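Beneath this line is the structure, given in structure tokens, with notes to follow.
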Amino acid sequence: MSRLFGERIMLREYRREDLEHMRKWVNDPKVVDNLSDVFLAPQTLNNTEDFLESILKGENRNNFNFVIADINTEEYFGQIDLFNLSWKNRSAEIGIVIGSKENRGRGLGSEALKLIQEFAFNRLNLNRLVIEVHSYNTRAHKCYLKSGFKEEGRRRQAYYMHGKYCDTIVLSLLKSEYEEMKSRFS
């Protein structure tokens with residue numbers, strides 16, 4: 001898998017040394033409360049090592065996993081993945097995380113989304129990308145809308161966090177919408 005280059009970041013392969021950066025956020029409630037239920041239980045070092053090892057071995061060939069890294073130093077900022085690929089339907093889901101607080105709010109996630117959209121639509125020939133966000137995560141929701149995703153529905157009270165139920169918002173982007181968006185900015 002080749003690297004993808006933006007203005008400030010690159011999407012690169014995972015490396016063993018990324019483990020120390022991943023360990024900094026996998027048990028941080030401010031990060032994992034926005035992610036899947038995989039992170040409800042504390043993540044042991046072995047959990048994180050097993051996850052990283054499965055990516056390094058390429059065990060799931062239907063996923064495309066990238067590290068979001070500094071374009072010059074290749075320093076780890078976070079992760080972005082395409083998963084649940086359906087080649088028949090030409091669709092995939094996106095998961096994204098920016099690990100450290102100091103790197104959030106800098107537009108790194110938006111840039112990573114642009115790179116993964118280009119990869120998905122123009123290299124993999126996908127037609128549809130899906131991303132989900134919990135309704136309390138307004139920063140991510142705004143980022144996804146800004147990146148061209150359209151809200152297609154809500155799973156009402158589908159997620160429980162901190163004593164309350166919240167909606168899970170499902171957003172998608174079609175290849176035709178991506179091409180239209182890209183032509184407006186060209």
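One is the number of the first residue; the rest follow in order along the sequence. Owing to the predicted nature of the structure, the values given are computational and were not obtained by experimental measurement.
Side-chain N/O atoms of H21 and E75 include no donor and acceptor closer than 3.5 Å. Side-chain polar atoms of Y14 and Q79 form a donor-acceptor pair below 3.5 angstrom.
Between K150 and E152 there is no salt bridge, since no side-chain nitrogen of the basic residue lies less than 4.0 Å from a carboxylate oxygen of the acidic one. Ionic pairing of K114 and E118 is not present here: no N-O contact between side-chain nitrogen and carboxylate oxygen is shorter than 4.0 angstrom.
Closest approach of S135 and R154 over heavy atoms only: CB-NH1, 3.9 Å.
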Under the side-chain contact (heavy atoms from CB on, under 4.5 Å) criterion, do I131 and L113 qualify, and how do the steps go? CA-CA 11 Å; I131 196 163; L113 284 168; 4.3 Å; yes
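More than 12 heavy atoms of other residues, nucleotides or ligands shown are found within 6.0 angstrom of CD on E59. The 12-atom threshold is exceeded at CZ of F83, counting heavy atoms of other residues, nucleotides or ligands nearer than 6.0 Å.
At least one donor-acceptor pair under 3.5 Å links the side chain of Q43 to the backbone N or O of A41. In this structure, D18 contributes its side chain and R15 its backbone to a donor-acceptor pair below 3.5 Å. Not one N or O on the side chain of Q117 forms a donor-acceptor pair closer than 3.5 Å with the backbone of Y178.
For the pair R123 and F64, the cation does not sit on the ring face, since its NZ or CZ is not both under 6.0 Å from the ring centre and inside 45° of the axis.
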